[in-house]
Amino acid sequence: MDPVLEELIREIEAFRADVRHMPVVPPAVFHELSEELAAQFDLSRPYPLLLLLRKVAALMRRWNLHNTHPRYFGLFSPATKPASVIADALVALYNPQLAGWYASPIANEIEQFTLRALAGRLGLEECPLAAHFTTGGAEANMTAVLAALNQAFPGYAEAGLRAMEDQPVFYISEEAHGSFVKVACATGLGHAAVRRVPGDSTNRMDVAALASAVEADLSDGFAPFMVVGTAGTTASGAIDPLASLASFCQEQRLWLHVDAAWGGAAVLSPRLRGHLVGIEAADSISWDAAKWLSVAMGAGMFFCRHPRAVRDAFHVDASYMPSRCVDGRDPYVSTMQWSRRFIGLKVFLTVAEMGLDGLGQEIDRMASLGDVLRNKLVMDGWEILNDTPLPVVCFTHRLIGNGKIPPADVLKCLLSGGSAWLSSVELRGVGTALRACITNYQSGLEDVSFLVRTLSKILSDLSDGTSSLGSSGPLSPIP
Ligand SMILES: *Cc1c(COP(=O)(O)O)cnc(C)c1O
């Protein structure tokens, strides 16, 4: 075999095994990196690929926050299955162009086949459906706003916002994802068009507050067109009351978009599915397989009951494109992207290898591990600050709450030890919380126990004044 391929296979196998024994956190001297690169590579001359592969592997191993590590309790970019590694290699190999259906019928059909199976679990099987892969949740959210604008204002695609008499506005919860702020800017709606609806005590959108906001906007001459419910907020896993939002939106003739970027995976789990009831009534849904389905990043998905509105948003005529399918099957006329990578293969392979129910069992197991984490924290004297069935835990401690120990100090100690990673988050009405999330299918009981033990030790060292805060670099040696 080609020695480069042999080396690649060796690294794929070795890294997957090694990562558990490596520090999660890289050494904190990033400023040296550009010098290190300049010392290793002179880009005016060529290098053998085998050497480059070894160098890149060594650099990635050392200078990366290892979010595939089972003790990375951070945001949603967990370990991937080998299916993703294989898929991304094959995609680079065949490099299929999915812009037009004609250029890669099989890739386009594998994507639609996969999306229809997932749409079925969302409860969208009985309706006309537009579905496609996106770079991530942010692109899917952008697509939703554009489709909703086209549905509500049929002249939008042609004449744009400036032809409208009333300023369109849309509603999101206070914990909704920041991508909607970018979307408001990119669509020309402007940040002022984003209405943040207050939540209840568990940060779920308050439907009564939504109703009065819509009423006030209507009487002030604004044009409400869309409500975004989040199924699993990024910060605390709050699930907005989707069924109530759906009936409110039907009454008011507003588009309901559900941002289920990470929480969407819960529909695969028998135990969690009930918490997302109402999602099937959404006009559109964002779901990102990279967040909680063990798929490599760049695996967003957009689902919509109104193919016509999506087509209106993206329709274009290009005489140089080889096929122009009359039924809108060409992704370049029904999505944001033009040249289109075969994003769906890694999702297809992951789903097909596990089966949707098999993936659902893994989701279940991670949710249970989240419960274990909550229980262990409480038993060790920590206090849980959020309320969600999803495995994201926001917590604090009496010693932190009374101002004795800043949460940033706890984090600093943990990260300088390098053996686990989590983040902090600002929760409305509560302040700073530590936040640990389990989305890695390889995280186990021992990882959760380790985390709680380590945090409690750090806390007791900090309160005794025996902490070595600030004096130590990474504790684990780096090979
Ligand atoms: C991560 C996230 C997004 C953005 O998705 P990307 O894949 O990062 O573009 C949107 N909404 C929610 C709720 C998220 O958690």
Side-chain angles (χ1 to χ4, degrees), residues 65 67 72-78 80 84 118 122 132-146 148 170-186 194 196-197 199 202-205 226-240 242 245 256-267 272 275-276 279 282 284-303 335-337 341 343-344 346-347 350 363 366 370 386 388-394 422-423 425-428 435-440:
L65 174 62
N67 46 275
Y72 170 84
F73 296 101
L75 303 160
F76 317 103
S77 37
T80 58
S84 275
L118 292 165
L122 292 169
H132 61 264
F133 284 97
T134 63
T135 48
E139 185 195 327
N141 287 342
M142 174 81 170
T143 303
V145 174
L146 287 170
F170 67 104
Y171 304 82
I172 66 178
S173 76
E174 281 179 335
E175 260 196 19
H177 193 262
S179 52
F180 289 103
V181 175
K182 292 195 195 185
V183 170
C185 179
V194 185
R196 292 220 176 236
V197 180
T202 58
N203 286 322
R204 294 151 44 96
M205 188 188 283
M226 176 190 207
V227 174
V228 177
T230 307
T233 58
T234 317
S236 75
I239 301 171
D240 287 334
L242 304 179
L245 289 181
L256 175 62
H257 176 67
V258 175
D259 181 358
W262 84 277
V267 300
L272 297 177
H275 295 282
L276 266 59
I279 197 171
S284 58
I285 298 170
S286 299
W287 183 3
D288 187 348
K291 293 274 176 99
W292 194 13
L293 291 180
S294 317
V295 172
M297 257 183 276
M301 301 181 282
F302 175 73
F303 301 88
T335 73
M336 191 94 135
Q337 297 175 27
R341 180 182 159 80
I343 292 173
K346 57 197 168 194
V347 183
T350 303
I363 297 295
M366 288 182 263
N386 65 329
T388 176
L390 305 178
V392 57
V393 186
C394 302
L422 50 74
S423 54
V425 64
E426 293 302 318
L427 293 183
R428 199 160 290 271
R435 176 189 177 283
C437 183
I438 299 168
T439 49
N440 183 338

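First listed ligand is number 1; within each ligand, the first listed atom is number 1. Numbers for residues simply follow the sequence, beginning at 1.
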Cut-off 3.5 Å, no hydrogens considered: what does the side-chain donor-acceptor table look like for residues 292-301, sequence neighbours left out?
none

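Judged purely by atom type and a 3.5 angstrom limit, Thr233 uses its side chain to pair as donor or acceptor with the backbone of Ala238.
Under the side-chain hydrogen bond (donor to acceptor under 3.5 Å, both in side chains) criterion, Ser179 pairs with Asn141, His177, sequence neighbours left out. For Arg196, the salt bridge (Lys or Arg N to Asp or Glu O under 4.0 Å) criterion is met by no residue, not counting sequence neighbours.
In the model, Glu175 has a side-chain atom that pairs as donor or acceptor with a side-chain atom of Ser236 under 3.5 Å.
Around ligand 1, the residues contributing at least one heavy atom under 4.0 Å from the ligand are Phe76, Gly136, Gly137, Ala138, Asn141, His177, Gly232, Thr234, Asp259, Ala261, Trp262, Asp288, Lys291.
Aromatic ring orientation, His132 versus Phe302: tilted (interplanar angle from 30° to 60°).
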